[in-house]
Amino acid sequence: MKLARAIHFDESDQRVFHIPARTGEWCISGGFEFSNWTESDLSGKARQAFANGWFGLETGGRVTFVAVTDITQTEMDELTQILAQHFVTYYGAPSVEAALPVAQEELGHMVELCDDHDPNTLLTVARELSEAGVRESFRVIDSAEADLEQFAIHGHLDD
């Protein structure tokens, strides 16, 4: 099973997002944040988060690039709990238990997006408002195409 982690190539995310995701933080699309936004909500750093920001599951911050990597079921279970709690804290879900199916669905969507790609494949997201709501599209940058000197190293310091 695969998911994606935040990756930074420079300091730009520190300047363009209200809260930047941490390097190595697990990420999902996070388009749910924008479900009832209108054009009037799209200005400054909020516009940048809407336009191309992945959602960091631990900080709630945003990042421009994510890198695909393997994830264990234990890590996935922990992230599901974290996301369900986020829905309770910030979106008014009545309980973590009630929010778990939605959290599982959000994470499942990201797993589907990542599973067909090799580790260190980069992903970007682009969003636009349409009459039907928020439309997301994804760009895949294969590690061989990226022509970068260094890629993400994934893991935990306590492993």
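For the single chain, residues carry numbers from 1 onward in sequence order.
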Side chains of [X] and [Y]: closer than 4.5 Å at any heavy-atom pair?
X    : Y    : result
V125 : V66  : no
I141 : L123 : no
Y91  : V102 : no
L122 : V140 : no
M1   : D70  : no
V68  : C114 : yes
S35  : V134 : no
K2   : V111 : no

Contact summary for [X] and [Y], nearest pair of heavy atoms:
X   : Y    : result
A84 : A103 : N-CB, 3.7 Å
A21 : A6   : CB-CB, 4.2 Å
P20 : Q14  : CG-OE1, 3.4 Å
A98 : P101 : O-CD, 3.4 Å

Could you tell me if the ring centre of H86 sits under 6.0 Å from that of F55?
yes

Between W54 and F138, is the ring centroid distance below 6.0 Å?
yes

Can you tell me how far apart [atom1] ([X]) and [atom2] ([Y]) are? Round to the nearest 0.5 Å.
X    : Y    : atom1 : atom2 : result
E33  : D41  : CD    : CG    : 10.5 Å
D10  : F65  : CG    : CZ    : 8.5 Å
M110 : I28  : CE    : CD1   : 8.0 Å
T69  : N120 : OG1   : CG    : 7.0 Å

Determine, using the 4.5 Å side-chain heavy-atom cutoff (strictly less than), whether [X] and [Y] are members of one ILVMFWY cluster.
X    : Y    : answer
F50  : V16  : no
W26  : F17  : no
I82  : F32  : yes
Y90  : L107 : yes
L113 : L83  : yes

E25/R5 salt bridge by N-O under 4.0 Å criterion:
no

Give a yes-or-no answer on whether the side chains of [X] and [Y] include a donor-acceptor pair shorter than 3.5 Å.
X   : Y   : value
Q48 : N52 : yes
T89 : Q85 : yes
T74 : T72 : no

Would you confirm whether T121, through its side chain, and H117, through its main-chain N or O, come within 3.5 Å as a donor-acceptor pair?
no

Does the D13 side chain pair with the main chain of R62, one donor and one acceptor, at a distance under 3.5 Å?
no

The test is side chain to side chain contact (heavy atoms under 4.5 Å, CB included); show your working for E58 and E78 and say whether it passes.
CA-CA 10 Å; E58 297 158 72; E78 291 172 9; over 6 Å; no

Output every pair passing salt bridge (Lys or Arg N to Asp or Glu O under 4.0 Å) with a member in residues 111-132, not counting sequence neighbours, ordered by first then second residue.
R127-E136, E128-R135

Please determine whether side chain to side chain contact (heavy atoms under 4.5 Å, CB included) holds for the pair W37 and R47, giving the CA-CA distance in whole Å, both sets of side-chain angles, and the decisive distance to 0.1 Å.
CA-CA 10 Å; W37 280 34; R47 175 181 282 285; over 6 Å; no

Go through the structure and list residues passing ring pair (Phe, Tyr, Trp, His ring centres under 6.0 Å) with H8, not counting sequence neighbours.
none

